[in-house]
There are 2 protein chains.
Amino acid sequence: MSTVWLVDTLGVMNRDVAASKAIAMGRDAEATKRRLLDAATREFAAYGIAGGRVDRIAAEARSNKAQIYHYFGSKDGLFDAVFDAMCRETVDAVPIDPDDLPEYAGRLHDSYVERPWVQRLATWYHLERAGGGALLPVVLDSNAAKVRAVAEAQEAGRLPTRFPPAVLLGLVLHLSGFWSSNVPEYDAVVSDGSAASAAHRREVVVAAVAALLRP
Amino acid sequence: MSTVWLVDTLGVMNRDVAASKAIAMGRDAEATKRRLLDAATREFAAYGIAGGRVDRIAAEARSNKAQIYHYFGSKDGLFDAVFDAMCRETVDAVPIDPDDLPEYAGRLHDSYVERPWVQRLATWYHLERAGGGALLPVVLDSNAAKVRAVAEAQEAGRLPTRFPPAVLLGLVLHLSGFWSSNVPEYDAVVSDGSAASAAHRREVVVAAVAALLRP
DNA sequence: GCGTCTTTACTAACCGGTTGATTAGTAACT
DNA sequence: AGTTACTAATCAACCGGTTAGTAAAGACGC
């Protein structure tokens, strides 16, 4: 799978070698791959897998389709690389704090506001890759570690035990994405009321998680 | 727009006239439209707008592409008709009960389990039609009425006022869809724990909303 | 330092299947 | 006869994927 190949390459390659190869402008494999990944991230976030266009990605990256198929094998391979890279950048960006889940949810909310393509990519993945077999180990490991952290806090009495640890974590993650997962018809209803400001929206997420934890 | 046209036609047409036209088997416009809409609902729910294939829809409906373009104008027009019909079937299927929002959320959860395509269609709509202009009046009206019901219950002291009415409604709706909006990596974490049974999952939704309302 | 050889990054043009959409025409009912 | 429901065949554009070929950068002998 091209995802594995990409990761191995980046991991094995010496930084100096990569740097020495990047001297001449306009002929840098790593830079080209980066541009293709960036362009593909925007394209897939906007249009999904089926709706994303390989030609647009190549053009926006100031490259061409053959490079995409050389580096990533296929359109699906390119999406795999995009999604895998996004997950690696995301899972550790907001470390969990089991002793202050409301703030944790607030920080997750912040990260979604700051990087809106994350939730869109995850949603496309959910819809277009459901039941598609291979789950990402990096995400599974991260989730397992978070569940463990919640479970320990529950056993120590620092968190309520009303929900099993995995469920509690899921509810927190789900509430964190509250403001970026509703249909436009709902946004229209809420936009001309209170909770229109960004600060207020963050407060809603924090308060909702806090309410979830109240004994 | 074909959506409006469809609604007007169905609204104006006399039931007896429609029935008299449906005598001969194999040549019934309403039945053909129904089969096309049903097939299109399955297709779009599974693959989205960009991923959905008009040929597959025509074949599955035992019809042909020309009929689709005759009745619905375009692929997008067909999706509009599908989404509009789904919304009409859905908005009133689960009437809101401001005095028992946890049970309301439970019933919404039930409806999502029973008709999984509803959330998928809504998510495709959210992703592929974001900022696409025309919001559905039927959904806007339904939302506004629900917000009003929540607001009245709050003013009467039967609901906490921690959240504005529109926000509280949004949180309830959002929590109702908890189990059908997560990426497969999360499902994998929770599937081999407790909360694996359908009854337990419903309980989680009800309990989460109840926690939200606790003073 | 110089010429050439090989490898690597890149490009443009193209291919074949697919897809949304059209059209001309047939069969059935009034 | 006229209208309506339907069908088969076809089209032009599109799109994922391929291929043949170019040019730049390092390797190596001298």
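By convention in this document, chain letters (A, B, ...) are assigned in the order of the sequence lines, proteins followed by strands, and residues within each chain are numbered from 1.
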Engineer: For H70(B) and dA5(D), give me the distance from atom NE2 to atom P, rounded to whole Å.
Structural biologist: 7 Å
Engineer: Given 3.5 Å as the limit, does a donor-acceptor pair link the side chain of W117(A) with the main chain of T41(A), or not?
Structural biologist: no
Engineer: Can you measure L36(A) atom CG to dA9(C) atom C1' for me and round it to whole angstrom units?
Structural biologist: 12 Å
Engineer: By side chain to side chain donor-acceptor pair (under 3.5 Å), which residues pair with S63(A), not counting sequence neighbours?
Structural biologist: none
Engineer: Could you pull out all residues at least two apart from Y125(A) that satisfy ring pair (Phe, Tyr, Trp, His ring centres under 6.0 Å)?
Structural biologist: F83(A)
Engineer: Cut-off 3.5 Å, no hydrogens considered: what does the side-chain donor-acceptor table look like for residues 42-54 of chain B, sequence neighbours left out?
Structural biologist:
residue: R42(B); atom: NE; partner: E60(B); partner atom: OE2; Å: 2.9
residue: R42(B); atom: NH2; partner: E60(B); partner atom: OE2; Å: 3.3
residue: E43(B); atom: OE1; partner: R56(B); partner atom: NE; Å: 3.2
residue: E43(B); atom: OE2; partner: R53(B); partner atom: N; Å: 2.8
residue: E43(B); atom: OE2; partner: R56(B); partner atom: NE; Å: 2.8
residue: E43(B); atom: OE2; partner: R56(B); partner atom: NH2; Å: 2.8
residue: R53(B); atom: NH1; partner: A50(B); partner atom: O; Å: 3.1

Engineer: Could you give the CZ-to-P distance, from R35(B) to dA5(D), as a whole number of Å?
Structural biologist: 13 Å
Engineer: Run the ring pair (Phe, Tyr, Trp, His ring centres under 6.0 Å) test against Y112(B) and tell me which residues pass, sequence neighbours left out.
Structural biologist: none
Engineer: Just to verify, what does S111(B) make a side chain to side chain donor-acceptor pair (under 3.5 Å) with, not counting sequence neighbours?
Structural biologist: none
Engineer: Send over the distance from Q67(B) CD to dT7(D) C1', rounded to a whole Å.
Structural biologist: 8 Å
Engineer: Reading nucleotides 12-25 of chain C 5' to 3', which nucleotides get B (base under 4.0 Å from a protein heavy atom), which S (sugar-phosphate only), which -?
Structural biologist: B------SBBBB--
